There are 2 protein chains.
Amino acid sequence: MTKRRDYSCAEGCPVEATLDLLDGKWKGVILFHLKRDGTLRFNELGRRLRGITQRMLTKQLRELEEVGLVDRRVYAQVPPKVEYSLSDEGRSLGAVIDALAAWGEGRIARLAAAPKAA
Amino acid sequence: MTKRRDYSCAEGCPVEATLDLLDGKWKGVILFHLKRDGTLRFNELGRRLRGITQRMLTKQLRELEEVGLVDRRVYAQVPPKVEYSLSDEGRSLGAVIDALAAWGEGRIARLAAAPKAA
DNA sequence: CAGTATCCTGTTAGATACTG
DNA sequence: CAGTATCTAACAGGATACTG
C-alpha cells in the first residue's frame, strides 16, 4: 500500500487516510497493546506480538512515530531503556481501535461457529 | 500483509483479523462506496476510485467477495451487467467504516491546519 | 460492459547474525 | 536491552493490450 501525502480526492479518502496509517502487518496490534497497557518497552511490546522480528518491530514503530501516532522516549542509561506509548494523536484513534477489535471479535466468533466447509 | 486463517492468539488479534480483511490499497474505499451507494456496477465503482486499474478493481472485489464482505450479482445479458453490494457481513462492518472515515476526516483537517514544516 | 492475460517493478517482511 | 546490517523470497500493484 503506497503511502500518500494528499488526500484531496474527496469522498472515500478519509477511509484511505486512516487505513494508510494502520498499514503494515503489525501496526494495528501495536496500537492496540499501547492503548491497553499505556507504556511499553521495546521488548515488552515484542513479547506481546508473537512472531515479530526485532527488525520488523523497529520498523513499524519508527513508522508509527513518524506519522505521529506513537511517542518514543529514550532513557540515557545502560542498559538501554526505551519506552513507547500513544501520542495524543494516537490516543485519538482509540475509538477506531475499539471498533476494529469489536468487529474482529464478532467475526472470529462467527467463523468459529460456522466453520468453512473443507 | 499475509492473510491468516487462525486468530487464536488472543488479545490483539481481533484487530488484526479486521485489518487483514481491509488490507489492499483499495478495499477500504470500495467498502465505503458500496456502503454509501448500496449497489454499484463494475465500472461505476471504478469511476469512484480514480486511478484504479481494471485488474486491481477485479482483484480487490474478488478478495472481498471471497471473505464474504461483498456480494456479486451477474445478470445473464449482453452487454454484461454485474452489480456489487455489501453482504450482510459487509453491512455489519458499517460502524467500522464510519469510524475510519470520521477519524480520517479529522486527521486530514489537522494536517491541513498544521502543515508539516519542510 | 466487465473483465483477462502478461509483463515488470518496488516494497514487504522473514531469517539470520551482529553490537554499544 | 534495544536495536543494526544483510540477504532473499514473495507479493502487491501499476502499465498495457486484448476479449466475449
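Order of the sequence lines sets the chain letters (A, B, ...), proteins ahead of strands, with each chain counted from 1. Only heavy atoms go into these numbers, but all of them, side chains included; no hydrogens, no water, no symmetry mates. Keep in mind the model is a prediction, meaning the values are calculated, not measured.
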Check your understanding: With respect to the phosphate group of C:dA13, does any side-chain polar atom (N or O) of A:Q60 fall under 4.0 Å of OP1 or OP2?
Key -> yes
Mind checking if B:Y75 touches a base, just sugar-phosphate, or nothing, with heavy atoms under 4.0 Å?
nothing
So CG of B:D23 and CG of A:D23: to nearest 0.5 Å the spacing works out to 6.0 Å
When rounded to whole Å, the NZ to C1' distance for the pair B:K25 and C:dT11 reads 12 Å
Heavy-atom nearest pair, B:F32 first then B:A101, reads CE1-CB, 4.3 Å
When both distances are under 3.5 Å in a Watson-Crick or G-U wobble arrangement, the nucleotide paired with D:dA15 is C:dT6
Among D:dG3, C:dC1, C:dA2, the one nearest any side-chain atom of B:P79 is C:dC1
Atom CG of A:D23 and atom P of D:dC11 are separated, to the nearest Å, by 17 Å
Side-chain atoms of B:R47 come closest, of C:dC1, D:dT4, C:dT4, to C:dC1
A:L45 atom CG is separated from D:dC1 atom C1', nearest whole Å, by 14 Å
SB check B:R62 B:E66 (cutoff 4.0 Å): no
Whole-Å distance, A:D20 CG to C:dT12 C1', equals 15 Å
note: A:L49, atom CG; D:dG3, atom P; distance rounded to Å ~ 14 Å
The residue, B:G51 or B:K59, whose nearest nucleotide of DNA chain D is more 5′ is B:K59
When rounded to whole Å, the CZ to P distance for the pair B:R41 and C:dG3 reads 10 Å
Out of C:dA2, D:dC1, D:dG13, minimum distance to the side chain of B:P80 belongs to C:dA2
Could you see if B:L45 belongs to whatever hydrophobic cluster contains B:V74? Use Ile, Leu, Val, Met, Phe, Trp, Tyr and a side-chain cutoff under 4.5 Å. yes
A:M56 atom CE is separated from C:dT12 atom P, nearest whole Å, by 8 Å
Are any of A:R62's side-chain N or O atoms less than 4.0 Å away from OP1 or OP2 of D:dT4? yes
Charged N-O contact under 4.0 Å between A:E44 and A:R47: no
Of the candidates C:dG3, D:dC7, D:dG14, the side chain of B:R55 sits closest to D:dG14
Would you say B:Y84 reaches C:dG3's phosphate, i.e. side-chain N/O to OP1/OP2 under 4.0 Å? yes
Side-chain atoms of B:W26 come closest, of C:dA17, C:dA13, D:dG14, to D:dG14
Rounded to whole Å, the NZ-C1' distance (A:K27 to C:dT11) equals 12 Å
